[in-house]
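In this text the structure is predicted, and so the values were computed from the model without any measurement. In what follows, chains are A, B, ... by sequence order, proteins preceding strands, each numbered from 1.
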Amino acid sequence: MPELPEVTTIVAELNSAVVGKTIKEVIFKDARLLKAIKPQIFVKEVVGQKIVQALRRGKVIILKLQSGKFIIIHLRISGWLLLAGEEGKHSRIILKLSDGKLLNFCDGRVLGELRLVDDWHDLNVVKTMGPEPLEISKQEFAKLFEGKKTKIKPLLMDQHFLAGVGNIYAQEAVFCAGIHPEKEANKLDKKQLEKLYDCLIHVLEEGIKDGGTSADSYFRLDGSKGTHVEHLMVYQRDGKPCVKCKKPLIRITTSGRGTVFCPHCQK
DNA sequence: AATGGGACCTGCGCGC
DNA sequence: TGCGCGCAGGTCCCAT
């Protein structure tokens with residue numbers, strides 16, 4: 001799943017490989033990904049437009065156009081972007097660029113979204129989004145948890161609470177901090193919150209360093225894989241030995257989401 | 001305020 | 001090898 005490190009990787013690559021190019025043509029293989037605007041209107045608005053900047057907020061990819069409008073891309077679960085000379089697997093919407101390359105919005109499950117907006121700040125998803133974990137201090141981080149009775153792991157994944165953390169990095173962060181994923185957030189003491197902050201920053205930064213986690217259907221812009229999957233401690237490792245204590249990791253479902261953890265190391 | 005469940009979707013892994 | 005079933009999961013929406 002594309003989370004903060006994956007989207008950060010993609011946006012950096014868009015900035016070096018796509019920014020400065022002009023959209024020549026839009027090809028709809030599956031227009032269902034396009035939301036809140038008719039295909040012909042979208043085409044009229046974006047064809048001939050130069051892409052001037054790529055940005056990220058949470059898991060949202062933002063492409064600024066010369067006109068001042070923004071193309072909004074949300075990859076959700078199974079989406080990825082591919083910049084290549086040809087179509088990719090599960091290409092749904094394709095932007096043909098001035099250098100002849102195709103910017104493919106690929107998505108296996110068709111749950112991703114493509115939009116065009118006047119100002120990305122006005123997007124509901126952005127207006128209700130929590131702070132960026134890499135942009136807040138330890139003190140600000142700790143303050144978020146005051147009075148929160150929610151289980152810690154689903155709370156970390158709540159985009160209204162904190163932006164960009166999903167199922168992979170939430171599991172990795174609580175494992176790193178030695179905290180049980182179902183621990184009530186407000187029962188964490190100061191020391192645990194500080195440890196959790198350090199761990200969250202750590203797993204996100206390591207993810208970015210590795211170009212993301214290609215565990216399911218995430219790929220970098222050129223189609224290659226991010227290498228962070230080999231550094232995951234718990235995600236999708238149920239039954240395998242804990243890297244700390246060697247006892248087998250177990251899998252539970254928390255708020256409807258699969259969660260792998262070590263019952264011995266995480267209290 | 002917080003939690004739970006359904007809907008959106010389809011590829012893929014599993015069991016037979 | 002082939003078929004059918006049901007899970008996976010980010011986000012939104014509704015109900016409790």
Side-chain angles (χ1 to χ4, degrees), chain A residues 1-8 10 28-36 56-62 72-82 87-93 104-115 117 120 122-130 132-133 143-174 181-188 204 207 212-219 225 229 232 234-240 250-261:
Chain A
M1 292 103 261
E3 304 179 24
L4 188 154
E6 289 73 32
V7 177
T8 297
I10 292 167
F28 292 100
K29 312 285 285 186
D30 190 332
R32 285 177 297 174
L33 292 185
L34 188 67
K35 308 290 177 183
R56 177 191 68 78
R57 175 75 171 101
K59 301 174 190 172
V60 180
I61 298 167
I62 303 157
I72 305 299
I73 299 169
H74 199 307
L75 300 171
R76 292 286 181 93
I77 297 167
S78 55
W80 74 95
L81 296 182
L82 171 70
E87 289 179 23
K89 193 181 179 186
H90 303 313
S91 273
R92 306 289 181 182
I93 298 177
N104 294 269
F105 187 171
C106 307
D107 189 351
R109 290 171 215 175
V110 201
L111 292 172
E113 292 187 2
L114 183 66
R115 296 172 184 270
V117 298
W120 62 272
D122 294 335
L123 283 167
N124 220 29
V125 66
V126 169
K127 283 197 287 190
T128 61
M129 200 176 271
E132 289 288 334
K143 203 160 195 286
L144 295 174
F145 292 82
E146 286 175 8
K148 291 284 180 186
K149 293 178 186 169
T150 320
K151 294 166 183 168
I152 188 66
K153 187 253 179 175
L155 183 61
L156 290 174
M157 291 173 62
D158 182 348
Q159 300 302 296
H160 307 297
F161 178 76
L162 203 58
V165 181
N167 206 24
I168 298 174
Y169 296 95
Q171 289 177 54
E172 295 298 317
V174 292
E182 297 194 312
K183 178 100 173 176
E184 281 181 35
N186 63 358
K187 287 191 177 162
L188 295 169
L204 292 174
T213 300
S214 291
D216 298 296
S217 56
Y218 158 74
F219 299 95
K225 291 183 174 183
V229 67
L232 296 177
V234 286
Y235 181 75
Q236 290 187 344
R237 296 192 71 249
D238 44 312
K240 295 195 173 126
I250 66 165
R251 186 181 191 278
I252 57 172
T253 299
T254 302
S255 299
R257 305 277 138 62
T259 306
V260 180
F261 74 110

Going by heavy atoms in the side chains, are [X] and [Y] under 4.5 Å from each other?
{"X": "A:Arg76", "Y": "A:Arg109", "result": "no"}
{"X": "A:Phe261", "Y": "A:Lys153", "result": "no"}
{"X": "A:Thr259", "Y": "A:Val174", "result": "no"}
{"X": "A:Tyr169", "Y": "A:Leu156", "result": "no"}
{"X": "A:Leu75", "Y": "A:Phe105", "result": "yes"}
{"X": "A:Gln171", "Y": "A:Leu232", "result": "no"}
{"X": "A:Leu4", "Y": "A:Val165", "result": "no"}

Nucleotide nearest A:His90 (side chain, heavy atoms from C-beta), chosen from B:dG4, B:dC12, B:dG11: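 Of the options given, the side chain of A:His90 lies nearest B:dG11.
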Based on Watson-Crick and G-U pairs with both distances under 3.5 Å, what dot-bracket line describes DNA chain C 5' to 3', crossing pairs as [ ] and inter-strand pairs as |? .|||||||||||||||
Between [X] ([atom1]) and [N] ([atom2]), how many Å, whole number?
{"X": "A:Asp30", "N": "B:dC9", "atom1": "CG", "atom2": "C1'", "answer": "10 Å"}
{"X": "A:Asp158", "N": "B:dT3", "atom1": "CG", "atom2": "C1'", "answer": "12 Å"}
{"X": "A:Ile252", "N": "C:dA8", "atom1": "CD1", "atom2": "P", "answer": "13 Å"}
{"X": "A:Arg92", "N": "B:dC9", "atom1": "CZ", "atom2": "P", "answer": "11 Å"}
{"X": "A:Asp107", "N": "B:dG11", "atom1": "CG", "atom2": "C1'", "answer": "11 Å"}

Just checking A:Gly112: base, sugar-phosphate only, or nothing, at a heavy-atom cut-off of under 4.0 Å?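 Counting heavy atoms under 4.0 Å across all strands, no contact is made by A:Gly112.
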Is A:Lys35 touching bases, backbone alone, or none of the nucleic acid, heavy atoms closer than 4.0 Å?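 The answer is nothing, as A:Lys35 stays clear of every strand by at least 4.0 Å.
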Once each nucleotide of nucleotides 9-16 of chain C is scored for protein heavy atoms under 4.0 Å, what B/S/- sequence comes out, 5' to 3'? BBBS----
Working for side chain to side chain contact (heavy atoms under 4.5 Å, CB included), residues A:Asn186 and A:Lys149: CA-CA 6 Å; A:Asn186 63 358; A:Lys149 293 178 186 169; 3.6 Å; yes
Could you please spell out the steps behind the side chain to side chain contact (heavy atoms under 4.5 Å, CB included) verdict for A:Leu123 and A:Arg115? CA-CA 10 Å; A:Leu123 283 167; A:Arg115 296 172 184 270; 4.1 Å; yes
